[in-house]
Amino acid sequence: MTPVAGQAVLTADEMRRAEEASGEPASILMERAGIAIAVAIRRLAAGREALILCGPGNNGGDGYVAARLLAAAGFPVRVAALTAPKSPASCAAREAWGGPVEDFISADSAPVIVDALFGTGLTRALAGDVADRLHELCATAQLVVAVDVPCGLATDDGSVLTRPPRVDVTLALGAAKPAHLLQPAARFCGQVRVLDVGVAASRQVHVLASPPLCNPGPDDHKYTRGMVAIVPGAMTGAAELASVAAMRSGAGYVLLLTTGSEIPHAIVRRAWQVDALDDDRIGAVLIGPGLGRDEEAQARMSAVLATRRPVVIDGDALRLIDPTRLASRRIAAILTPHAGEFDTLFGKGDGSKIDRTRGAAIMSHAIVVHKGPDTVIAAPDGRVAIAANANDWLSTAGTGDVLAGAIAAMMAVSDDAFTAACAGVWLHADAARRCGKAFIADDLATALSAARASL
């Protein structure tokens with residue numbers, strides 16, 4: 001069982017194509033999946049009796065294989081079926097099981113429930129009696145394990161077709177699926193672990209993992225560690241937060257283009273002028289936190305876009321740009337919209353959050369960090385990273401400004417804006433994890449020091 005960080009993410013159709021590309025028959029793939037599931041169940045169940053719930057498709061077939069192997073190893077296991085299997089491989093798997101098969105509706109529960117009913121194959125809501133019985137069986141169990149995707153979730157877009165019961169662990173076969181990461185489905189998956197079933201999976205879409213950042217060396221100085229210029233507006237508090245975040249994420253020099261507060265002293269402050277960004281040492285410009293949307297804000301936005309500097313565009317600045325104009329600029333840019341800002345910029349559209357964010361990146365020719373409890377980061381070349389398990393306490397004012405500062409610090413020293421955006425999002429999430437509960441944005445910015453030092 002492998003944690004999901006860094007793992008490939010495949011839709012149901014992509015997983016089927018990967019299985020076909022392997023050249024292995026369905027029966028062999030099912031046997032491999034069953035072996036991996038049986039090993040995982042033995043570890044998780046710790047000797048407690050397991051009831052494996054098998055559906056009519058290949059997910060059910062995987063369950064029959066796992067039951068056969070567990071029984072052969074002397075493990076206490078029972079099987080209950082929703083209906084008879086339909087595919088040749090699952091029919092063969094049920095026959096090879098050889099033990100009794102109970103009726104799903106009338107079966108007694110067990111300490112461990114294994115949901116192998118539908119996996120990635122569910123496309124519509126469960127029948128009422130099936131959903132009710134599944135909830136009843138799981139309610140009295142000590143441990144609930146789902147095979148591939150918990151019953152009731154749409155695999156590809158993270159929607160909920162039928163509210164699932166409590167699930168403690170989801171065993172993803174071969175690769176993570178969008179439902180494991182996208183909300184609202186992700187909240188019903190419990191801990192997600194990936195099982196290797198011998199199928200190669202493309203990692204163009206993957207789960208965000210800790211970035212391989214280098215520590216400073218003896219030849220480094222404040223400019224080689226990255227100079228970040230931050231363009232504020234009338235509400236300077238947001239820009240102050242972003243400045244602290246950039247500094248604590250590892251930037252060597254942060255230039256905040258406003259006068260006023262002098263805390264912390266490490267941040268250099270200078271009054272805004274049109275030529276303030278002419279310094280060739282500037283590695284990234286951040287605009288948006290506290291910018292406002294008045295004429296002065298628009299003038300500053302135009303001045304930033306007129307430079308040849310990589311930019312991070314956040315907050316109010318996202319309301320002042322035209323994505324098509326940004327595409328013609330052809331200089332590295334990172335956009336950091338939350339859901340409302342994203343819809344204003346790119347429209348509501350159809351498809352999953354992954355599809356929409358990738359489409360927005362292609363249209364704008366920029367990296368798009370589509371923020372939320374399931375942040376999706378996309379590049380124009382098709383690369384996508386998904387940040388899982390966001391801290392719910394990030395839902396407080398100023399945390400987005402902190403994220404923008406962290407991303408700007410990463411961009412100032414990176415040749416690849418997608419890598420920089422991923423690193424900034426990871427640092428932000430790790431800082432939130434370190435803060436725990438009931439923190440404010442100032443705490444989050446401070447915690448970035450420990451997050452950066454951990455790498």
Side-chain angles (χ1 to χ4, degrees), residues 227-249 251 253-264 266-279 282-323 325-326 329 331-345 364 366-369 371 396-409 411-412 421 424 428 440-442 444-445:
M227 180 177 178
V228 176
I230 297 178
V231 180
M235 299 171 286
T236 58
E240 293 274 358
L241 270 174
S243 299
V244 173
M247 201 96 234
R248 290 191 175 278
S249 295
Y253 192 120
V254 175
L255 173 62
L256 177 57
L257 292 168
T258 189
T259 55
S261 171
E262 297 182 358
I263 303 296
I267 295 171
V268 178
R269 291 167 173 83
R270 190 178 305 156
W272 163 260
Q273 295 178 344
V274 175
D275 62 354
L277 303 177
D278 288 347
D279 191 335
I282 294 174
V285 177
L286 167 60
I287 184 168
L291 182 64
R293 303 179 201 174
D294 56 13
E295 290 185 5
E296 177 60 24
Q298 293 174 357
R300 293 188 181 193
M301 186 76 245
S302 296
V304 169
L305 293 180
T307 71
R308 306 297 295 172
R309 309 279 178 247
V311 296
V312 178
I313 302 175
D314 181 60
D316 289 328
L318 292 166
R319 308 281 185 171
L320 304 177
I321 61 167
D322 177 354
R325 179 192 171 192
L326 193 64
R329 187 170 177 264
I331 301 171
I334 299 175
L335 311 180
T336 60
H338 57 56
E341 293 163 340
F342 184 94
D343 289 348
T344 299
L345 269 175
S364 61
I367 306 303
V368 178
V369 179
K371 298 185 294 191
T396 188
T399 58
D401 305 315
V402 173
L403 173 61
I407 291 174
M411 196 177 194
H428 185 257
I440 64 173
D442 302 69
L444 183 66

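Worth knowing before you read on, the calculation uses all heavy atoms, side chains too, and leaves out hydrogens, waters and symmetry mates.
Looking only at distances, no side-chain donor or acceptor of Thr307 sits under 3.5 Å from a matching main-chain atom of Ala303. For Arg270 (side chain) and Leu255 (main-chain N/O), no donor-acceptor pair under 3.5 Å exists by modelled atom type.
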- Message: Evaluate Leu444 against Thr396 for side-chain contact (heavy atoms from CB on, under 4.5 Å), listing each step before the verdict.
- Response: CA-CA 11 Å; Leu444 183 66; Thr396 188; over 6 Å; no
- Task: Take Ile331 and Val311 through the test side-chain contact (heavy atoms from CB on, under 4.5 Å) and record every step on the way to the result.
- Result: CA-CA 8 Å; Ile331 301 171; Val311 296; over 6 Å; no
- Message: Between His428 and Ile407, is the side-chain contact (heavy atoms from CB on, under 4.5 Å) condition met? List the steps.
- Response: CA-CA 9 Å; His428 185 257; Ile407 291 174; over 6 Å; no
- Query: Given the rule in the side-chain contact (heavy atoms from CB on, under 4.5 Å) test, do Leu335 and Ile321 qualify, once you have shown the distances and angles that lead to the verdict?
  - Reply: CA-CA 10 Å; Leu335 311 180; Ile321 61 167; 3.9 Å; yes
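To the nearest 0.5 Å, the span separating CE on Met227 from CG on Asp279 amounts to 4.5 Å. Once rounded to the nearest 0.5 Å, the distance linking CG of Leu256 with CD of Glu240 reads 5.0 Å. One finds the CZ atom of Arg309 at 7.0 Å from the CG atom of Asp278 (value rounded to the nearest 0.5 Å). From Asp314, atom CG reaches atom CG of Leu318 across 6.0 Å, with rounding to the nearest 0.5 Å.
Closest approach of Pro232 and Thr258 over heavy atoms only: CG-CB, 3.7 Å. Counting all heavy atoms, side chain and backbone alike, Arg319 lies closest to His338 at NH2-CE1, 4.4 Å. The shortest heavy-atom contact between Leu345 and Pro323 is CD2-CG, 3.7 Å. Nearest approach of Thr399 to Ala441, heavy atoms of both residues: N-CB, 3.8 Å. Residues Ile282 and Ala276 approach most closely at CD1-O, 4.2 Å, considering heavy atoms. Residues Val312 and Met411 come closest through the heavy atom pair CG2-SD, 3.6 Å.
With contacts defined as side-chain heavy-atom distances shorter than 4.5 Å, the pair Leu257/Arg300 does not qualify.
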Name the atoms and distances for all side-chain donor-acceptor pairs under 3.5 Å in residues 284-295, with sequence neighbours left out.
unit_1	atom_1	unit_2	atom_2	d
Arg293	NE	Asp316	OD1	3.4
Asp294	OD1	Glu296	N	3.4
Asp294	OD1	Ala297	N	2.8

